[in-house]
Number of protein chains: 2
Amino acid sequence: MTASINDVARAAGVSASTVSRALRGRPGVSGEVRDRIVAVAAQLGYTASRSASSLASGRTHTIGVLVPYVGRWFFGTVLDAAEKVFSAAGYDVLLYNLGSPETRKRFFTRLPVRKRVDAVLSLLIPDDGESAALRSLGVPLTTTVGGPRPGFTVVGIDDRAGAESAVRHLVNLGHRRIGMISGASGPLHWTTPIERRNSYLDVLADAGIEHDPALEADGDYTVEGGERAMTELLAASRPPTAVFAQSDEMAMGALRALRRHRLKVPDDVSVVGFDDHELADVVGLTTVAQPVAEQGAEAARLLLRQLDEPGAEPPGHVQMPIRLVLRETTAPPRPRGPR
Amino acid sequence: MTASINDVARAAGVSASTVSRALRGRPGVSGEVRDRIVAVAAQLGYTASRSASSLASGRTHTIGVLVPYVGRWFFGTVLDAAEKVFSAAGYDVLLYNLGSPETRKRFFTRLPVRKRVDAVLSLLIPDDGESAALRSLGVPLTTTVGGPRPGFTVVGIDDRAGAESAVRHLVNLGHRRIGMISGASGPLHWTTPIERRNSYLDVLADAGIEHDPALEADGDYTVEGGERAMTELLAASRPPTAVFAQSDEMAMGALRALRRHRLKVPDDVSVVGFDDHELADVVGLTTVAQPVAEQGAEAARLLLRQLDEPGAEPPGHVQMPIRLVLRETTAPPRPRGPR
DNA sequence: CTGTTAGCGCATTCAG
DNA sequence: CTGAATGCGCTAACAG
């Protein structure tokens with residue numbers, strides 16, 4: 001079997017406690033003894049068992065990260081950045097991929113992170129029951145999505161301002177029939193699509209444009225969904241001349257649908273997305289950029305700070321900047337004439 | 001604090017051992033008592049501490065997953081699928097994002113998974129030293145990349161056949177100046193780019209086409225790298241009329257470079273990628289499709305099987321099918337005339 | 001500065 | 001079928 005702390009203690013001619021202290025850099029060990037212990041440990045390939053040390057100390061040096069879809073660009077990017085911060089600080093990451101309602105439900109009823117993590121970073125928005133479950137863990141909680149929540153530190157963006165800049169851009173170009181592809185049927189309690197929709201409605205109202213329900217479709221936050229939604233919109237009696245997609249993935253699906261219908265972008269239809277996906281530039285997509293990796297990194301940092309300073313009051317809500325990136329999928333509507 | 005096994009035992013009027021047996025579905029507990037214990041545990045919100053149970057039993061119910069870049073589509077997709085299989089079987093996932101040489105080195109010297117996982121799934125190719133370190137863990141090992149390795153079960157694709165189908169497709173279209181964008185400067189011991197390059201050379205030789213080193217460039221497996229590489233190729237004295245990119249992300253970067261140079265695809269230059277990225281269809285990219293999520297799921301299943309049947313000899317190497325997907329970025333070269 | 005003594009919470013003998 | 005003891009490997013409190 002692999003070496004235990006007692007093996008190291010014996011080999012170094014000291015007690016187990018001294019080994020423990022020495023290896024964790026705690027004070028109370030003379031330099032000479034410490035060096036010897038470190039050398040012996042290295043030579044034996046000793047690593048402390050996290051299970052045992054967690055059990056004894058109550059600290060796990062592990063962060064639980066909850067993600068709806070690791071395969072999705074947005075979440076993968078946030079996770080990547082957050083993991084780097086955690087691992088640099090000596091923390092391991094326990095990953096929970098909670099995309100389907102069943103896995104999600106199972107997670108929150110069994111709560112496998114109990115007694116297993118020092119903190120939780122949630123990339124999904126917990127509903128009230130789920131929030132309560134998480135709070136019952138008694139560890140710091142942070143999320144990168146949705147609005148402020150009691151008991152959570154949230155790092156996010158101003159969704160309303162982002163959506164507003166997108167829709168206003170289309171209005172300013174002269175569009176009057178502006179469609180929207182939303183991501184409404186996503187996870188429960190996902191307020192993002194609602195916020196973005198509200199902005200959309202506000203801008204239309206502000207511009208004196210009457211809202212047409214036939215110009216809204218659900219794209220489920222996926223490429224395929226975006227394609228379906230765009231196809232739906234094109235089937236309307238008076239199709240839109242511009243579309244705001246609530247995510248770049250849906251916008252790309254919309255582009256695909258438009259291409260299949262032999263419609264030119266932006267000549268026939270303008271499209272604006274949201275996220276600034278790494279491939280948005282490849283397809284020339286105009287979009288609302290948000291600092292995705294930075295949100296993950298910042299959320300991780302805030303969580304670590306709470307671990308370091310248990311007393312301090314954590315920040316409730318941090319907002320990162322967004323900005324509209326103009327590319328080639330938006331232009332003024334066709335002068336007039338029949339489509 | 002949160003309930004312990006003794007709290008449950010006391011509340012149910014039984015001993016801790018009975019609680020342990022009942023909750024884990026072990027035989028030796030009467031139905032009536034079992035029901036009572038389950039009810040009490042649920043009511044108290046009891047979950048066994050993984051640390052304690054690992055320490056006592058030696059089993060962690062945790063899988064370590066090593067990933068070079070979680071943010072990349074390929075790895076995110078593999079991870080997503082693998083995690084679902086693991087969690088469905090009751091295993092948690094400890095994620096290690098080992099993109100940079102430093103984090104990678106630290107991981108393999110400190111080996112934080114020691115005594116912490118029941119098995120390891122590596123989405124990166126360990127070099128010899130790293131392989132030895134992993135083998136020293138004494139747990140089943142599986143990887144989804146690279147060729148067969150002693151001590152590992154590997155689930156992958158036939159890289160040579162994949163690259164061959166891509167390059168042969170270009171040759172069959174009539175191209176003679178065929179460039180390649182490879183991903184050579186990736187992680188150490190990453191044999192994939194080498195295999196694919198060998199195929200490229202073989203097909204050229206087979207078609208009687210002389211290999212021109214000026215037609216090869218390194219794209220680092222990223223969109224930006226692909227763009228840079230394509231720009232390089234276009235600067236050659238006799239630029240290629242077709243390009244094989246070793247990944248879709250690099251192919252998309254190449255498309256961007258071509259667009260910036262006002263070159264038409266496929267009229268001026270044909271492009272074929274590798275992977276069948278979820279957005280390949282959006283940009284109409286011809287590519288070699290590989291079953292990405294399936295590889296993750298299959299690798300996870302094989303690992304679980306080894307955990308269930310410790311005696312059985314694990315399969316050494318499983319190959320998944322690839323296929324060429326024809327879209328709109330490939331066509332015969334321009335008839336003749338000056339470019 | 002160092003060693004000794006107790007658990008951390010659970011799974012696993014072994015008795016009964 | 002059930003309970004009492006024992007120890008997993010480590011850290012923390014206490015002595016010295």
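For clarity, every value in this text was computed on a predicted model and none was experimentally measured. Both backbone and side-chain heavy atoms feed into the values below; hydrogens, waters and symmetry mates do not.
Note: CD1 (A/Ile37) to C1' (D/dT11) measures 15 Å, nearest angstrom. For the pair B/Arg26 CZ and C/dT13 P, the computed distance is 10 Å after rounding to whole Å. Straight-line distance from the CZ atom of B/Arg36 to the P atom of D/dT2: 9 Å, rounded to whole Å. With rounding to whole Å, B/Asn6 atom CG is found 11 Å from C/dA11 atom P. We find that CZ of B/Arg21 is positioned 9 Å from C1' of C/dT12, with the value rounded to whole Å. Across the protein-nucleic acid pair, B/Ile5 atom CD1 and C/dA11 atom C1' stand 8 Å apart, rounded to whole Å. Across the protein-nucleic acid pair, B/Arg59 atom CZ and C/dA11 atom P stand 13 Å apart, rounded to whole Å. Here D/dG7 presents its C1' atom at 9 Å from CG of B/Leu55, a figure rounded to the nearest Å.
Among the atoms of the strands shown, none is found under 4.0 Å from any heavy atom of B/Val19. When heavy atoms are screened at a 4.0 angstrom cut-off, B/Ser17 is found touching base atoms of the nucleic acid. Within the 4.0 angstrom heavy-atom criterion, only backbone atoms of the sugar-phosphate kind lie near B/Arg24; the bases stay farther away.
In terms of phosphate contacts, B/Thr18 brings a side-chain nitrogen or oxygen within less than 4.0 Å of OP1 or OP2 of D/dG3. Using a 4.0 Å cut-off, no side-chain N or O of A/Ser49 falls inside it from OP1 or OP2 of D/dG9. Under 4.0 angstrom from either OP1 or OP2 of C/dA11 there lies at least one side-chain N or O belonging to B/Ser20. OP1 or OP2 of C/dC10 sits under 4.0 Å from a side-chain N or O of A/Lys115.
Between A/Val113 and A/Phe107, the closest side-chain pair of non-hydrogen atoms falls below 4.5 Å. No side-chain heavy atom of B/Leu95 sits less than 4.5 Å from a side-chain heavy atom of A/Val65.
Between B/Ala16 and B/Ala52, the residue anchored closer to the 5' end of DNA chain D is B/Ala16, taking for each the nucleotide with the nearest heavy atom.
Of the candidate nucleotides D/dG9, D/dT11, D/dT2, D/dT11 has the atom lying nearest to any side-chain atom of A/Ser53. Nearest nucleotide to the side chain of A/Ser30, out of C/dT12, D/dA12, C/dT2: C/dT2. Among the nucleotides C/dG9, C/dT2, C/dC8, the one closest to the side chain of A/Ala56 is C/dC8.
Using a 4.0 Å cut-off between charged side-chain N and carboxylate O, A/Arg305 and A/Asp308 make no salt bridge.
Put simply, the side chain of B/Gln306 never gets that close to the backbone of B/Pro140: no donor and acceptor are under 3.5 Å apart.
Once rounded to the nearest 0.5 Å, the distance linking NZ of B/Lys115 with OG of B/Ser54 reads 13.0 Å.
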